[in-house]
Number of protein chains: 2
Amino acid sequence: MNIGEAAKLTGLSDKTLRYYESIGLVSAKRSSNGYRLYTDKQIDELHFLASARQTGFTLDECKALLALLRDTNRHSRDVKAFVTDKLMKLDSQIAALSKMKQSLEQLSSRCNDNDDSQCAIIEGLSSNTLCSKEENNE
Amino acid sequence: MNIGEAAKLTGLSDKTLRYYESIGLVSAKRSSNGYRLYTDKQIDELHFLASARQTGFTLDECKALLALLRDTNRHSRDVKAFVTDKLMKLDSQIAALSKMKQSLEQLSSRCNDNDDSQCAIIEGLSSNTLCSKEENNE
DNA sequence: ATAAAGCTTATAGCTACTGGAAGGTCAAGC
DNA sequence: GCTTGACCTTCCAGTAGCTATAAGCTTTAT
């Protein structure tokens, strides 16, 4: 099938499919007029990629996962190890964002929220307490 | 002071300071030899930017915050509104990551973690259950 | 005098695409 | 035969927030 239909089936855009080909993920054969021709197996692979991307894997990680998908001699142990590693990365991302959130909430709670120019948020960001040291418990 | 000292004081790299100038955040005057000269006030602003970046604000958001910092006629209300908005964005980012984590954990728990090629993770990513519909509660 | 450190600009690369321009191909309608 | 529109092609630029590299100038120390 042509790229348009492949895009519809997989939920990826045609641009994305061309991009994936350009980085060597899924390369379609061409018909005589130069149009890309996707096989059913490639559609499956693209589905797989879409799922993996949605689940938070980077394209580099997707490349590795795709290699595992294609390797019928893979061991589920290796796949699991890969995912366990990714889970740790996700955890640290979540922790970083949570820390930011906490800092912001703390600053925000001290802001008077009125017409005054004086503002605890501005002051908090201006002081170096955020970057240089732990917050002192109040 | 020159860019090197400014970098040391603020914890930002000299590259970063030049970049910030190139996008119009903090522009230093030049001495006769063409070297950048940072004032104490600019060091304060750079500290502020470093804090804001650490707290998760994008550079675009930092630009807006810097405008508030510089505006002595600001209202703390406006700063608070800005931060409240950012907190919501942080929340949705955290929610997205948590969802990914949950999906991955679910897949991972079903993997046999052995020598077999059969793997619930690969199968889960291949099926379209992740993208097309809600997970059915088990 | 020379070498090292510090500064300058300009360019390219990273992630994962997206948008747009300029143009070839195909199927339908008149 | 011709046009119109949909679909396809390639290539270039832009997004965010820097970092790395290169080529070259200035200052400082030896």
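Each chain gets a letter, A, B and so on, in the order the sequences are listed, and its residues count up from 1.
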Can you tell me the distance, in whole Å, between the [atom1] atom of [X] and the [atom2] atom of [N]?
{"X": "A:Leu17", "N": "D:dT9", "atom1": "CG", "atom2": "P", "result": "10 Å"}
{"X": "B:Lys29", "N": "C:dT8", "atom1": "NZ", "atom2": "P", "result": "16 Å"}
{"X": "B:Gln54", "N": "D:dC18", "atom1": "CD", "atom2": "P", "result": "12 Å"}
{"X": "B:Lys63", "N": "D:dT15", "atom1": "NZ", "atom2": "P", "result": "11 Å"}
{"X": "A:Ile23", "N": "C:dC14", "atom1": "CD1", "atom2": "C1'", "result": "13 Å"}
{"X": "B:Asp14", "N": "C:dA5", "atom1": "CG", "atom2": "C1'", "result": "12 Å"}
{"X": "A:Leu59", "N": "C:dT15", "atom1": "CG", "atom2": "C1'", "result": "8 Å"}
{"X": "B:Glu21", "N": "D:dC18", "atom1": "CD", "atom2": "C1'", "result": "16 Å"}

If you define the side chain from C-beta out and look only at heavy atoms, does anything of B:Ile43 sit under 4.5 Å from B:Met1?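 Yes, side chains in contact.
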
Going by heavy atoms in the side chains, are A:Arg70 and A:Glu45 under 4.5 Å from each other?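 Side-chain contact under 4.5 Å: yes.
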
Going by atom types alone, do B:Thr58 and B:Asp60 pair a side-chain donor with an acceptor below 3.5 Å?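 B:Thr58 vs B:Asp60: no donor-acceptor pair found between side chains.
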
Among [options], the one nearest [X] by side-chain distance:
{"X": "B:Thr58", "options": "D:dG17, D:dT19, C:dA16", "result": "D:dG17"}
{"X": "B:Asn2", "options": "C:dA16, D:dG17, C:dC7", "result": "C:dC7"}
{"X": "B:Ile3", "options": "C:dT8, D:dG17, C:dC17", "result": "C:dT8"}
{"X": "A:Tyr35", "options": "C:dA16, D:dT27, C:dT25", "result": "C:dT25"}

Ignoring hydrogens and angles, does a donor from either the side chain of B:Lys15 or the base of D:dG17 sit under 3.5 Å from an acceptor on the other?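 It does not, because no donor-acceptor pair links the side chain of B:Lys15 to the base of D:dG17 below 3.5 Å.
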
If you take atom types as modelled and just measure distance, does the side chain of B:Tyr20 reach the base of D:dG17 with a donor-acceptor pair under 3.5 Å?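 By the distance-only test, no, there is no pair.
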
Under a 4.5 Å side-chain heavy-atom rule over Ile, Leu, Val, Met, Phe, Trp and Tyr, are A:Leu17 and A:Leu37 clustered together?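 No; A:Leu37 is not reachable from A:Leu17 via cluster members.
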
Within the distance-only criterion (no hydrogens, no angle test), does the side chain of B:Ser109 pair as donor or acceptor with the backbone N or O of B:Gln106 below 3.5 angstrom?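 Yes; judged by distance alone, with no hydrogens or angles, the pair exists.
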
Treating B:Lys101 as the side-chain partner and A:Leu87 as the backbone partner, does any N or O pair qualify as donor plus acceptor under 3.5 Å?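 Absent.
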
Just N and O in the side chain of [X]: are any of them under 4.0 Å from OP1 or OP2 of [N]?
{"X": "A:Arg18", "N": "D:dC7", "value": "no"}
{"X": "A:Arg36", "N": "D:dT9", "value": "yes"}
{"X": "A:Ser13", "N": "C:dT18", "value": "yes"}
{"X": "B:Arg30", "N": "C:dT9", "value": "yes"}
{"X": "B:Asn33", "N": "D:dT27", "value": "yes"}

Can you pull out how bent the helix from C:dA1-D:dT30 to C:dC30-D:dG1 is, comparing the axes over its first five and last five pairs, to 10°?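 Axis-to-axis angle, ends of the helix: 30°.
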
Among A:Asp116, A:Asp115, A:Asn114, which residue satisfies the side-chain hydrogen bond (donor to acceptor under 3.5 Å, both in side chains) criterion with B:Arg77?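 Only match with B:Arg77 under side-chain hydrogen bond (donor to acceptor under 3.5 Å, both in side chains): A:Asp115.
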
